[in-house]
Amino acid sequence: MYKPLFNQRQALRFRHFTRKGYALFACLGRVVTIGVLSVATLQTAAAASDELRSTTTAADDNSSQTVDKEATLDDVEVTGSRAPLALRQAARMVTVLSREDIQAAPVHSINDLLKMAAGVDVRQRGPIGAQTDVSIRGGTQEQIAILLNGVNICDPQTGHNAFDLPCDLMDIVRVEVLEGPAGRVYGTSSLVGAINIVTRQTALPHSQQGTHGGVRLEAGSFGYLSGAGRVAFSPQAVQPDKATLHSSLSAGYTRSDGYSRSKAGALNSDYAGGRVFWQGTLDRPDMRVDWHAGLSAKGFGSNTFYSAKFDEQYEQTTKLFTALQGETKGWLKLQPAIYWNRSYDRFELIRGDEQHVPFNYHRTDVFGLRLNSYFDWAAGRTALGAEMRNEDIISGNLGEPLSSPKHISGTDRDYEYGLNRTNLSLHLEHNILLANFTLSAGFIAVKNTWSDMPLTLYPGVDASYRLGDHWRIYASYNSSLRMPSFTELYYSVGGHKADKHLKPEELQALEGGVSYTSRLLTAKASVFRHHATDLIDWVMDTRQRDAVWQSVNLTKVNTTGLELSVRLHATDWQLRADYCYQHQDKDVDDHLQSQYSLEYLRHKLTAQLQCRLVSQLHLTLAYRLQDRMGSYTNQDGEVENYHPYSIVDGRLAWQADSYTLYVAANNLLSHRYVDYGNVPQPGCWLTGGITCNF
């Protein structure tokens with residue numbers, strides 16, 4: 001698997017001396033070009049570093065730039081700790097879905113791509129990312145942190161719309177999945193894990209200044225149409241030792257009539273939405289500045305998403321994303337960041353009919369300031385910093401009564417309720433980086449203005465040991481917390497009763513595993529144990545005739561799991577298989593029906609084959625088997641258990657130098673299944689398209 005290296009200066013480098021915490025010249029914080037080295041020096045450096053990887057040169061798929069590439073992802077810097085470490089060096093296992101994985105997979109969204117990660121539970125209420133609940137290791141969609149280029153974009157109103165992303169698949173260079181508590185790395189949203197979506201922000205080399213880009217056009221079943229374009233600019237021919245500037249702009253639009261109709265024959269799973277994303281990088285010898293700004297707007301038929309009694313629900317969401325980040329390049333790396341995200345949400349229980357049931361309106365603002373820093377010294381790499389995150393909502397039904405209502409634009413109504421809270425956190429982490437051993441330990445201290453809890457510390461420690469060139473063993477202990485969402489605290493309409501006195505969730509986890517890596521085979525095995533207290537869920541007492549869904553703190557839930565992963569690599573093909581087993585024991589009465597935390601995947605098996613059939617013709621086949629625990633109440637009022645199901649997807653592509661033609665089939669065998677309550681999923685979904693680069 002290949003990945004681009006993000007080096008802006010064109011100088012001959014010895015790979016053992018670049019961007020590693022254990023690198024010989026890491027403390028200088030600048031490019032070092034080596035003229036002559038003695039054999040003794042090279043032997044010493046080799047003893048203190050990883051195996052030298054072979055490199056090649058290849059063209060970037062969408063910008064046509066020539067960049068160095070390595071045969072593995074080992075040198076990608078991932079954020080499994082506060083201080084960035086190379087993937088091979090990281091003490092904690094981080095799953096990386098590369099650019100090549102994204103391009104080859106038969107998917108239309110990041111949500112679809114994440115289905116192939118065994119420890120990730122993706123519950124789509126509709127295809128093409130209409131609305132998706134994503135969770136990790138038996139958790140809920142509220143309990144993971146979603147990040148865009150390291151910036152937390154979680155919506156404190158609800159986790160249902162967390163994947164309303166402003167960027168297209170062609171913008172994304174990789175997706176990092178960190179499984180297990182990640183509080184000291186990503187803060188209070190990451191109770192059971194985090195997903196970091198990394199877009200392409202690297203400036204073009206001096207020899208490749210100009211304009212580059214690409215377009216994508218797709219069409220398929222159920223009136224599906226999708227188009228996107230991306231253009232990247234490097235507007236000035238700057239000198240190699242001066243500042244370099246790079247920016248890109250992308251936009252896309254997708255629509256579909258949907259795969260189902262209401263009882264009255266109206267559309268109820270249709271979708272229409274667009275996105276715009278602008279990002280850029282200013283790279284100077286002494287510092288680097290990155291920024292992004294994006295918009296996601298969509299409306300979709302919500303079928304029976306929230307109530308089986310109403311099959312013409314509708315929802316419209318609009319999200320704005322902005323962030324500005326920097327990093328100095330001296331021996332002390334300072335990483336300041338400022339971000340602001342705004343979300344609008346309108347939900348219609350009866351589509352277009354506000355006279356019978358008023359629409360729900362919400363506006364959420366999240367403003368954050370963050371300062372992280374790290375430096376290398378004789379004892380390793382140390383990181384410390386702080387973050388302030390303010391979350392504010394004004395709503396038609398969530399929060400406390402506002403002293404001064406605010407008008408809802410485009411309506412004759414006001415926002416009459418609201419809530420504001422601020423989360424303050426401090427973190428400290430130290431990494432010991434030896435030739436074959438990495439130890440990362442630290443804590444995050446958290447205080448929230450909404451909660452009565454005092455300043456509380458959540459520690460964590462990760463360790464890994466490399467046995468020769470191929471084997472690695474690792475173990476970790478981590479803890480984290482999550483504050484309740486505004487919906488969990490205040491949503492008390494439509495058969496729901498919320499509790500505004502909910503406690504924060506807390507979780508402690510142990511994990512251990514082993515991995516093997518060679519040119520032909522990559523394999524991993526891990527076991528984990530989660531101990532959660534005060535988990536928040538919506539539950540219904542099935543003994544009551546007129547029962548309602550109530551938000552409650554469950555006393556405790558313990559999760560034990562096993563994950564296995566195997567990759568076989570060859571010149572013209574690659575085969576991968578992943579399996580995750582989980583078992584939850586919970587101190588909860590059997591008569592309680594759960595919406596989320598008790599509905600987990602007991603078994604999940606995924607397999608994927610990528611191969612080149614002839615010349616430029618490539619085939620990808622993906623298989624997924626899921627067995628979910630839990631039950632739901634059907635439209636007749638009967639409690640029904642979830643049933644196991646298996647799905648086969650396929651993609652056939654002709655790849656030329658400047659274009660790719662492809663056809664894809666999702667749910668190739670047209671298997672009918674239910675993955676969330678009373679929301680049936682579509683049968684076979686066929687699409688075809690073309691991508692062109694210029």
Side-chain angles (χ1 to χ4, degrees), residues 107-147 153-165 175 177 179 189-195 197 269 271 273 296 298 300-308 313 315 317 319 343 345 347 362 482 484-488 491 496 505 535-539 549 551 557 559 580 582 584 593-602 604 624 626-632 642 645 647 673-682:
V107 301
H108 303 98
S109 64
I110 287 295
N111 315 350
D112 292 329
L113 183 69
L114 291 170
K115 293 177 182 178
M116 298 308 297
V120 180
D121 185 6
V122 180
R123 305 179 72 179
Q124 283 189 313
R125 290 183 167 125
I128 60 177
Q131 190 182 76
T132 306
D133 292 348
V134 179
S135 59
I136 294 175
R137 289 186 173 176
T140 74
Q141 79 282 352
E142 304 283 2
Q143 296 169 346
I144 67 171
I146 310 298
L147 302 105
I153 59 172
C154 290
D155 189 340
Q157 177 207 335
T158 176
H160 289 312
N161 301 318
F163 276 85
D164 290 358
L165 301 173
V175 179
V177 181
E179 299 181 25
S189 304
S190 51
L191 188 77
V192 294
I195 297 173
I197 299 162
S269 61
Y271 175 98
S296 169
K298 66 182 183 181
F300 53 93
S302 303
N303 200 328
T304 52
F305 287 6
Y306 301 101
S307 173
Q313 301 169 44
E315 189 163 7
T317 64
K319 292 196 172 186
S343 302
D345 182 19
F347 174 70
H362 316 285
R482 181 185 76 88
S485 70
F486 295 144
T487 298
E488 292 168 330
Y491 191 75
H496 292 74
E505 300 176 311
L535 279 189
I536 299 171
D537 195 11
W538 291 91
V539 299
W549 293 102
S551 62
V557 176
T559 303
C580 181
Q582 295 179 98
Q584 288 187 352
Q593 182 181 335
S594 165
Q595 278 193 349
Y596 303 118
S597 67
L598 307 185
E599 295 183 0
Y600 65 97
L601 289 178
R602 172 65 62 85
K604 181 178 179 181
R624 185 173 85 257
Q626 295 189 175
D627 183 9
R628 184 178 304 282
M629 304 299 293
S631 60
Y632 63 96
Y642 287 100
Y645 67 87
I647 298 295
Y673 66 99
V674 171
D675 202 29
Y676 182 88
N678 291 280
V679 186
Q681 296 299 302

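Keep in mind that what you see is a predicted model, and the values were worked out from it rather than measured.
Atom CD of Glu315 and atom CZ of Phe347 lie 6.5 Å apart (nearest 0.5 Å). The structure places CD of Gln131 at 11.5 Å from OH of Tyr271, a figure rounded to the nearest 0.5 Å. His160 NE2 to Ser302 OG: the interatomic distance, rounded to the nearest 0.5 Å, is 10.5 Å. Between the CD atom of Gln143 and the CG atom of Leu535 there is a distance of 5.5 Å, given to the nearest 0.5 Å. With values rounded to the nearest 0.5 angstrom, Trp549 atom CH2 is found 11.0 Å from Ser307 atom OG. To the nearest 0.5 Å, atom CD of residue Glu599 and atom CD of residue Gln584 are 10.5 Å apart.
Taking every heavy atom of both residues into account, Trp538 and Thr487 meet most closely at CZ2-O, 3.5 Å. Across all their heavy atoms, His362 and Gln157 have their closest contact at CD2-NE2, 3.2 Å. Across all non-hydrogen atoms, the minimal contact from Thr304 to Asn678 is OG1-O, 2.7 Å. Contact record, Ala118 with Cys580: O-CB, 3.4 Å, taken as the closest heavy-atom pair. Of all the heavy atoms in Ser190 and Ala194, the pair that sits closest is CB-CB, 4.3 Å.
With 3.5 Å as the limit, one finds a donor-acceptor pair spanning the side chains of Gln124 and Asp112.
By the 30° and 60° cut-offs, the orientation of the rings of Tyr673 relative to Tyr645 is parallel.
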* Derivation and outcome, side chain to side chain contact (heavy atoms under 4.5 Å, CB included), residues Asn161 and Lys319 -> CA-CA 10 Å; Asn161 301 318; Lys319 292 196 172 186; 4.0 Å; yes
Practice problem: Could you give me the CA-CA distance, side-chain angles and deciding distance for Thr559 and Tyr600, then say whether side chain to side chain contact (heavy atoms under 4.5 Å, CB included) is met? | Solution: CA-CA 10 Å; Thr559 303; Tyr600 65 97; over 6 Å; no
| said: Between Arg482 and Ile536, does the side chain to side chain contact (heavy atoms under 4.5 Å, CB included) criterion hold? Intermediate values first, please. | reply: CA-CA 10 Å; Arg482 181 185 76 88; Ile536 299 171; 3.8 Å; yes
Walk me through whether Ile136 and Ile195 qualify under side chain to side chain contact (heavy atoms under 4.5 Å, CB included). CA-CA 9 Å; Ile136 294 175; Ile195 297 173; 4.2 Å; yes
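Of the candidates Asp164, Asp345, Asp155, Asp164 is the only one forming a side-chain hydrogen bond (donor to acceptor under 3.5 Å, both in side chains) with Thr317. Between Asp675 and the options Arg628, Lys604, Lys115, Arg624, a salt bridge (Lys or Arg N to Asp or Glu O under 4.0 Å) holds for only Arg628.
You'll find the side chain of Val122 reaches within 4.5 Å of the side chain of Thr132, heavy atoms only. Counting heavy atoms from C-beta outward, Thr158 and Glu142 have side chains that approach closer than 4.5 Å.
Both tests pass for Arg123 against the ring of Tyr642: distance under 6.0 Å to the centre and angle within 45° of the axis.
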